[in-house]
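Below: one structure, written as structure tokens.
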Amino acid sequence: MVTGGGVRAVVWDIDDTLFDYTGANDAAAREHFAAEGLPAGPAELARWTAVMHEHYARYLTGELTFDEQRRERVRAFLGEPELPGEVAAAWFERFGVRMRAAWRLYPDVVPALDALTPRYRHGLLSNSNSAHQDDKLRRLGVRDRFEVLLCSEELGHAKPAPEAFEAACAAMCLEPAQVAYIGDQRITDAEAATAAGLHGIWLDRAASADGAGVRHRITTLAALPALLAALGD
Ligand SMILES: [Mg+2]
């Protein structure tokens, strides 16, 4: 364990932090619904997103496997609870092809990594499945910028549980006070990381007005080097 010396590493959230999950999901869903002969308006998009949140939460509690939550999302969205698993999986995979084609890093990610490296080490902590996120980061060309990738499925702990953040620090042989955690979710990422003893940073890309009470908030990764410098060496 390395002790002292201020912030040594940044641990990053992935979806909607490094990668525009919401934008990719919306674009892919619109194309997919149209290709399936379904309405593809705002109401359908909102329902698809609500169904995603509902069943992804069941995955994070361990109630469903990663693949089961995908099938359940399809059944719920189509209103066909008895839809056979292979049919639901194939429907989701047709969406998945479009989703992967829409994957993009936010344009401020690589410049921020360049500016922060080698002064800071980098890791990843995501509420997801490691194989899925590893594939995503390799396709996006940034997997090798991060020393470790920890995901809730393999850890057995999902953010906001402190154990998830503690595991990320342990994987980098650092104390929580030596690690900054950055993510797009104010409570699940920033406040939970702070509660676990890390420097929690909320990446509020929408520059929402609801930033009160958050210790560290930035609206672009371009502001991250200065914030980390202000946290001290
Ligand atoms: Mg996120």
Side-chain angles (χ1 to χ4, degrees), residues 9-29 45 48-61 66 69-70 73 96 99-100 102-110 112-113 116 122-140 142-143 145-146 148-155 157-165 167-168 179-196 198-208 210-211 214-224 227:
V10 182
V11 175
W12 302 71
D13 171 53
I14 298 175
D15 293 338
D16 280 331
T17 294
L18 299 177
F19 147 77
D20 183 5
Y21 180 92
T22 301
N25 181 69
D26 289 0
L45 202 57
W48 174 244
T49 301
V51 158
M52 181 267 287
H53 286 301
E54 178 187 348
H55 294 282
Y56 204 79
R58 297 174 68 201
Y59 158 66
L60 291 178
T61 63
F66 194 72
Q69 58 89 20
R70 289 177 162 181
R73 283 157 65 179
M99 181 70 173
R100 289 189 288 276
W103 282 351
R104 301 282 184 277
L105 287 175
Y106 282 108
D108 56 2
V109 169
V110 170
L113 288 169
L116 295 171
H122 299 282
L124 299 153
L125 172 64
S126 174
N127 279 355
S128 186
N129 160 296
S130 291
H132 174 68
Q133 295 295 52
D134 186 83
D135 174 62
K136 178 187 292 176
L137 293 159
R138 290 191 188 286
R139 289 171 187 263
L140 292 168
V142 292
R143 176 63 186 90
R145 304 294 299 259
F146 303 92
V148 297
L149 164 62
L150 287 90
C151 288
S152 57
E153 181 170 328
E154 292 76 21
L155 284 175
H157 299 286
K159 300 176 292 182
E163 291 87 348
F165 297 98
V179 179
Y181 187 80
I182 183 159
D184 66 289
Q185 296 294 310
R186 189 186 76 176
I187 295 171
T188 307
D189 292 327
E191 294 185 4
T194 298
L198 294 78
H199 301 272
I201 301 170
W202 182 26
L203 177 59
D204 178 18
R205 289 189 181 278
S208 65
D210 187 23
V214 179
R215 194 175 300 171
H216 303 301
R217 170 178 170 264
I218 56 177
T219 58
T220 165
L221 293 176
L224 187 55
L227 172 57

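Order of appearance sets the numbers: ligands from 1, and atoms from 1 within every ligand. For reference, positions follow the sequence shown, starting with 1.
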Answer yes or no for Asp15: is there an N/O/S atom below the 2.8 Å cut-off from the Mg ion (ligand 1)?
yes
Using a strict threshold of under 4.0 Å (side-chain N to carboxylate O), is an ion pair present between Arg205 and Asp20?
no
Between His55 and Arg58, is there a side-chain heavy-atom distance shorter than 4.5 Å?
yes
Do you see a donor-acceptor pair shorter than 3.5 Å between the side chains of Asp204 and Thr219?
no
What I'd like to find out is whether the side chain of Ile218 reaches to under 4.5 Å of the side chain of Ile182, using heavy atoms alone.
yes
Check Asp184 and report its N/O/S atom nearest to the Mg ion (ligand 1), by atom name.
OD1
What N, O or S atom of Asp13 is found closest to the Mg ion (ligand 1)?
OD2
